[in-house]
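Note sheet for the following structure.
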Amino acid sequence: MPLRPFAQTGMQVSPLGLGTVKFGRNQGVKYPQGFALPSDQEAANLLALAQELGINLLDTAPAYGSSEERLGQLLRGQRQRWLICSKVGEEFSEGQSQYCYTPEHIRHSVERSLQRLQTEVIDIMLLHSDGNDVANIERYGALEVLNELKQQGKLRATGISSKTVAGGLLALQQSDCAMVTLNLNQQDELAVIDYAAAHGKGILIKKALASGHLSDAYNDPVQASFELIFAQPGVSSVIIGTLNPAHLRSNVSKALTVLAAG
Ligand SMILES: NC(=O)c1ccc[n+]([C@@H]2O[C@H](COP(=O)([O-])OP(=O)(O)OC[C@H]3O[C@@H](n4cnc5c(N)ncnc54)[C@H](OP(=O)(O)O)[C@@H]3O)[C@@H](O)[C@H]2O)c1
């Protein structure tokens, strides 16, 4: 896949990234079907296929169960071939999410992610959202803390995975990027994408396929999703979660078709 600039960070991202919730967590998730976590071999095969198809961006988070730790092990010897996006602010244990945005917790969480991912720098670090994006930024100075860690060389880009337009817009004024939801059912964060396009900020898309709840109103809902998303000039990369190699191949092929037509 042809790489594209990720805002003004100097990084180049593939138009599709691989989401890794399903590498590490199968409880408290909203996918249409239950699933078993992949074996190490299955996860390694999926990463090798993603790389062969030209994907260079992986998305993970402390809230995705064992995802960060597993990536740390699986990427030994190939860390430099990937860009890794992780998050701070949400913890998941015993089936429950808990949120904390204090400076102490953010610093601790970033150090723990560096250790788990077995790396000295994390390429993109986002605030995970509990829905109170503006309050979390204003009350705790959460992005200032991430930006300090960026200045210390532990992060290369900072931003938010937002759930609100106001939070996405505020975060883009203080950081490099936002991860927003955009799919055939949910388009209310388009204003954040437009702002990013106008101000040279990066945009990652989450839940592009509505977390697998694909609409039967379209002949090919994956293709229709990509047509909607890649029509937005502000979009840098679309993070799709899959454990299925055939889905990964066909997603890349459809994304390339849509990009070539655009
Ligand atoms: N920051 C946040 O708060 C947040 C929230 C949600 C997600 N994310 C990130 O965004 C990523 C993607 O979000 P998501 O996993 O919720 O949703 P998604 O990418 O919209 O959908 C993933 C689901 O779609 C299925 N799928 C993938 N390709 C398919 C295809 N070609 N045909 C049919 N089904 C297909 C996958 O199942 P198979 O495994 O069977 O392919 C999976 O269950 C996550 O992995 C995570 O990295 C972030």
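All heavy atoms count here, side chains included; hydrogens, waters and symmetry mates do not. Numbering of ligands and ligand atoms starts at 1, following listing order. Only a predicted model underlies this, so the values are computations on that prediction, with no experimental measurement involved.
Taking atom 1 (N) of ligand 1 as the reference point, the nearest protein heavy-atom neighbour is S161 OG, 2.6 Å. Among protein heavy atoms, atom 16 (O) of ligand 1 sits closest to S211 OG, 2.8 Å. The nearest heavy-atom contact from the protein to atom 24 (O) of ligand 1 is G212 CA, 3.3 Å. The protein heavy-atom contact nearest to atom 35 (C) of ligand 1 is H247 ND1, 3.6 Å.
Closest heavy-atom approach to atom 36 (C) of ligand 1 within the set G241, G24, S162: this belongs to G241. Ranked by closest heavy atom to atom 41 (O) of ligand 1, the top entry among T242, V252, D59, V21 is T242.
A salt bridge links R70 and D40; the closest N-O separation between the charged side-chain nitrogens and carboxylate oxygens is under 4.0 Å. For D59 and K206, the salt-bridge test fails: no basic side-chain N is under 4.0 Å from an acidic carboxylate O. E120 and K154 are not joined by a salt bridge, as no carboxylate oxygen comes within less than 4.0 angstrom of a charged side-chain nitrogen.
Contacts of K163 with ligand 1, taken as heavy-atom pairs under 4.0 Å, are absent altogether.
In this model, a donor atom of one side chain and an acceptor atom of the other lie less than 3.5 Å apart for E68 and S86.
H199 has its ring centre less than 6.0 Å from the ring centre of Y195.
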